[in-house]
Amino acid sequence: MTAEIIDGKAIAATIRQEIAQEVVEMREKAGRVPGLATVLVGERPDSATYVRMKKRACAEVGIDSFSYDLPADISQADLLVLVQELNDNPAVDGILVQLPLPDHIDEETILSAISLEKDVDGFHPLNIGRLSMKGRDPLFVPCTPKGCIELLDRTGVTIDGKNAVVLGRSNIVGLPVAMLLLHRNATLTICHSRTQNIPGVIRQADILIAAVGRAEMVKGDWIKPGAVVIDVGVNAVDDASKKKGYRLVGDVDFDEAREVAGAITPVPGGVGPMTIAMLLRNTMDGARRTENIA
Ligand code: GUN
């Protein structure tokens with residue numbers, strides 16, 4: 001069997017078109033467009049790239065972006081002042097503080113200071129808490145986990161009643177995507193560094209979400225025939241044949257897995273574009289809520 005390739009790039013492009021249309025409608029109804037503030041502390045090249053891609057995506061769909069590039073040694077107090085200003089700024093519907101933050105800044109203090117209504121990353125402890133409870137709706141759901149579920153939905157994959165395995169338990173992906181799968185009535189297993197017999201657990205998965213950050217860890221013979229595989233990993237591996245000297249691979253050995261799985265996301269071009277599309281979605285939804293647009 002050769003798996004269906006889930007084209008995250010194409011699905012994300014469709015979602016961006018949908019949002020661009022909603023931006024036009026909002027301009028007509030409310031006389032303004034949504035706004036996203038991006039906050040980058042320090043000069044990590046990966047974070048700088050992600051923030052640049054997010055700003056570019058905003059521009060493409062007509063969302064305003066306001067960017068704040070701050071020195072790595074900014075004090076926590078000064079960063080909190082900025083967050084408060086953005087909370088109070090009516091042109092800003094979403095505040096994105098790119099993670100990780102430098103060690104001298106307490107991540108939870110900063111994330112807790114973001115207004116719940118502008119928490120488009122969904123990382124505010126209250127939004128995460130609501131996500132983790134039955135019947136409590138968070139105002140926003142984190143973008144990468146939301147993108148994984150959107151990929152399943154738009155590919156026509158049923159989640160209800162399926163065995164879902166999440167590999168990884170990070171705050172940004174593993175944990176929240178597990179909660180989303182549970183809300184959708186999957187039977188859920190989370191694998192992590194202390195799990196025994198990870199291949200045996202993964203072999204039970206009808207749906208596998210790999211978010212562990214280890215290049216090509218999941219082998220083809222770990223995968224249940226016909227399973228749906230969502231690969232969140234983005235890992236650089238040396239490759240002298242490439243101009244940059246490396247190439248990006250996922251947490252799943254794609255060439256092996258595609259011979260066994262029913263459907264699989266590629267890296268790049270799978271989950272990555274969906275993360276950004278979901279950030280635009282959340283920003284748009286926040287603005288609609290503020291403007292009372294149904
Ligand atoms: N760092 C890695 N992923 C993310 C994300 O989705 N949002 C933010 N703010 N930081 C990140």
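Any value given below was found using the heavy atoms of this structure, including those in side chains, with hydrogens, waters and symmetry copies removed. Atoms within each ligand, like the ligands themselves, are counted from 1 in listed order.
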Could you tell me whether Val97 approaches ligand 1 through its side chain, its backbone, both or neither, with non-hydrogen atoms closer than 4.0 Å? backbone
Polar contacts were defined as any N/O atom of the residue lying under 3.5 Å from an N/O atom of the ligand; does this apply to Leu96 and ligand 1? no
Return the minimal non-hydrogen interatomic distance between Ala257 and Val252, and the atom names on each side. CB-CG1, 3.5 Å
Output the distance between atom CG (Leu139) and atom CG (Asp119), rounded to the nearest 0.5 Å. 8.5 Å
Shortest non-hydrogen contact between His192 and Ile190, atoms and distance: CD2-O, 4.0 Å
Report yes or no: does Tyr50 have a heavy atom closer than 4.0 Å to ligand 1? no
Of Thr38, Asn171, Asp121, Leu40, the one whose closest heavy atom lies nearest atom 7 (N) of ligand 1 is Asp121
I need the atoms of ligand 1 closer than 4.0 Å to a non-hydrogen atom of Leu99, numbered in the order shown. 1 (N), 8 (C), 9 (N), 10 (N), 11 (C)
Please tell me if the side chains of Glu150 and Arg281 come closer than 4.5 Å, counting only heavy atoms from C-beta onward. no
Between Val234, Ile276, Ile172, which one has a non-hydrogen atom sitting closest to atom 3 (N) of ligand 1? Ile172
Please find the pair of heavy atoms, one from Asp121 and one from Val97, that lie closest to each other, and give the distance. OD2-O, 4.1 Å
So which protein heavy atom does atom 11 (C) of ligand 1 come closest to, and at what separation? Gln98 NE2, 3.4 Å
Between Val141 and Ile149, is any pair of side-chain heavy atoms under 4.5 Å apart? no
Short N/O distance, under 3.5 Å, between Thr275 and ligand 1? no
So the atoms of ligand 1 within less than 4.0 Å of a heavy atom of Phe123 turn out to be 7 (N), 8 (C)
Find out whether the Lys NZ or Arg CZ of Arg44 is both under 6.0 angstrom from the six-membered ring centre of Tyr50 and within 45° of the ring's axis. no
